[in-house]
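Comments concern the structure below.
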Amino acid sequence: MSVRTPDPYPGWLSDEDLFEARGRLPMVYVEAVPVRLDPLGYVNEVGTLLQGDADGNMVRYLVSGRVLYRETIRAALLRHMEKDLGPLAFPQLPISPVPFTVAEYFPAPSQTGFTDDRQHAVSLAYIIPVTGECEPRQDALELTWMTPQEVLSENVQQEFDGGRGNLVRQALAFSGIVL
């Protein structure tokens, strides 16, 4: 049974072609840390997706997904925000497609601290404010909004998979929050 979100563009690569490409090329991804801002523009909540992994463990994830061939970064961000948070999330995309960091994922532990069993991936990471109502994606059990203090707590950080807790820590530091 697959727990992946259904791909709205299923003709892009077959599962076999994607498997072959992942074994030969780094894949390009966008990753977004959804946030809610207070009236002065400070981060007061961070959204994380909770889902079960292949082993049945509960893990926290961020909005993420591949960039399609001939797709702009902005279009990929919008597509994945809508796919993972619903069409009424109303993400506020950045004026410039400059990420707060670039995360490099490897199939085995490496010096980057980011892992993805399936592939070598390069992920452009963004902080994206949302103003609307969010409904978690089909394979997520829930979308949880937490204060920066809560999401940086040791218990929550341990729930992230593949180094994504560190990515949240970097996002908050970029936003001026260091705990």
Side-chain angles (χ1 to χ4, degrees), residues 3-5 29-67 73-74 76-105 109 112-117 121-179:
V3 293
R4 294 180 12 197
T5 300
Y29 278 71
V30 290
E31 228 162 349
V33 178
V35 297
R36 294 208 187 268
L37 305 177
D38 70 12
L40 294 176
Y42 293 105
V43 173
N44 62 6
E45 290 183 307
V46 178
T48 65
L49 296 163
L50 184 67
Q51 70 182 54
D53 67 8
D55 298 327
N57 300 313
M58 302 310 287
V59 292
R60 294 208 177 269
Y61 284 94
L62 302 171
V63 172
S64 67
R66 291 187 308 270
V67 177
I73 299 299
R74 292 175 61 79
L77 277 168
L78 182 60
R79 180 169 58 83
H80 290 294
M81 291 293 289
E82 287 180 351
K83 176 180 62 89
D84 288 356
L85 301 180
L88 300 178
F90 301 128
Q92 306 299 305
L93 296 182
I95 293 171
S96 169
V98 176
F100 73 86
T101 194
V102 176
E104 196 169 13
Y105 291 86
T112 70
F114 297 106
T115 58
D116 184 334
D117 299 354
V122 176
S123 181
L124 308 173
Y126 297 87
I127 303 163
I128 307 288
V130 295
T131 59
E133 294 298 317
C134 298
E135 291 292 325
R137 63 188 185 185
Q138 294 177 17
D139 60 336
L141 300 174
E142 70 179 28
L143 169 66
T144 307
W145 291 101
M146 293 179 261
T147 66
Q149 294 79 10
E150 291 169 330
V151 79
L152 293 177
S153 73
E154 187 63 35
N155 290 340
V156 173
Q157 286 288 302
Q158 290 176 359
E159 294 176 354
F160 284 101
D161 190 40
R164 286 172 185 86
N166 190 40
L167 200 61
V168 170
R169 188 177 303 283
Q170 288 178 34
L172 290 173
F174 184 82
S175 300
I177 299 172
V178 181
L179 302 176

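This one's a predicted model, so the numbers in the text were calculated from it and none came from an experiment. The figures that follow rest on heavy atoms only: side chains count, while hydrogens, waters and symmetry mates do not.
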Rounded to the nearest 0.5 Å, what's the gap from [atom1] on [X] to [atom2] on [Y]? Could you check?
| X | Y | atom1 | atom2 | answer |
| --- | --- | --- | --- | --- |
| E150 | W145 | CD | CH2 | 13.0 Å |
| E142 | R60 | CD | CZ | 6.0 Å |
| I73 | L93 | CD1 | CG | 11.5 Å |
| L124 | Y29 | CG | OH | 12.5 Å |
| E154 | E159 | CD | CD | 11.0 Å |
| Q149 | I177 | CD | CD1 | 7.5 Å |

For [X] and [Y], work out which heavy atoms get closest and say how close.
| X | Y | result |
| --- | --- | --- |
| A32 | L62 | O-CB, 3.5 Å |
| E45 | P148 | N-CD, 4.5 Å |
| G163 | F114 | O-CE2, 3.1 Å |
| R36 | C134 | NH2-SG, 3.8 Å |
| V130 | A89 | CB-O, 3.5 Å |
| L78 | P91 | CD1-CG, 3.8 Å |

Could you go step by step and tell me if V156 and T48 meet the side chain to side chain contact (heavy atoms under 4.5 Å, CB included) rule? CA-CA 10 Å; V156 173; T48 65; 5.8 Å; no
Report the C-alpha distance between S123 and E31 in whole Å, list the side-chain angles of each, state the deciding distance to 0.1 Å, and finish with yes or no for side-chain hydrogen bond (donor to acceptor under 3.5 Å, both in side chains). CA-CA 6 Å; S123 181; E31 228 162 349; 2.8 Å; yes
Side chain to side chain contact (heavy atoms under 4.5 Å, CB included) evaluation trace for L141 with M58: CA-CA 9 Å; L141 300 174; M58 302 310 287; 2.7 Å; yes
Looking at [Y], is its backbone amide N or carbonyl O close enough to the side chain of [X] to form a donor-acceptor pair, meaning the two atoms are under 3.5 Å apart?
| X | Y | answer |
| --- | --- | --- |
| T112 | E104 | yes |
| D55 | N57 | no |
| H80 | L85 | no |
| Y126 | P97 | yes |

Verdict with reasoning, F174 to V43, per side chain to side chain contact (heavy atoms under 4.5 Å, CB included): CA-CA 11 Å; F174 184 82; V43 173; over 6 Å; no
Would you say P129 and V35 make side-chain contact, with heavy atoms under 4.5 Å?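 Yes. Closest side-chain heavy atoms under 4.5 Å.
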Less than 4.5 Å apart, any side-chain heavy atom of D53 and any of D161?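 Not in contact.
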[X], [atom1]: over 12 other non-hydrogen atoms inside 6.0 angstrom:
| X | atom1 | answer |
| --- | --- | --- |
| Q92 | CD | yes |
| E135 | CD | no |
| N44 | CG | yes |

In chain order, what residues pass the salt bridge (Lys or Arg N to Asp or Glu O under 4.0 Å) check against E82, with sequence neighbours excluded?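 For E82, no residue satisfies salt bridge (Lys or Arg N to Asp or Glu O under 4.0 Å) once neighbours in sequence are set aside.
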I'd like to check the side-chain contact (heavy atoms from CB on, under 4.5 Å) partners of A171; sequence neighbours left out, ordered by chain and number.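 By the side-chain contact (heavy atoms from CB on, under 4.5 Å) rule, A171 matches V33, F100, I127.
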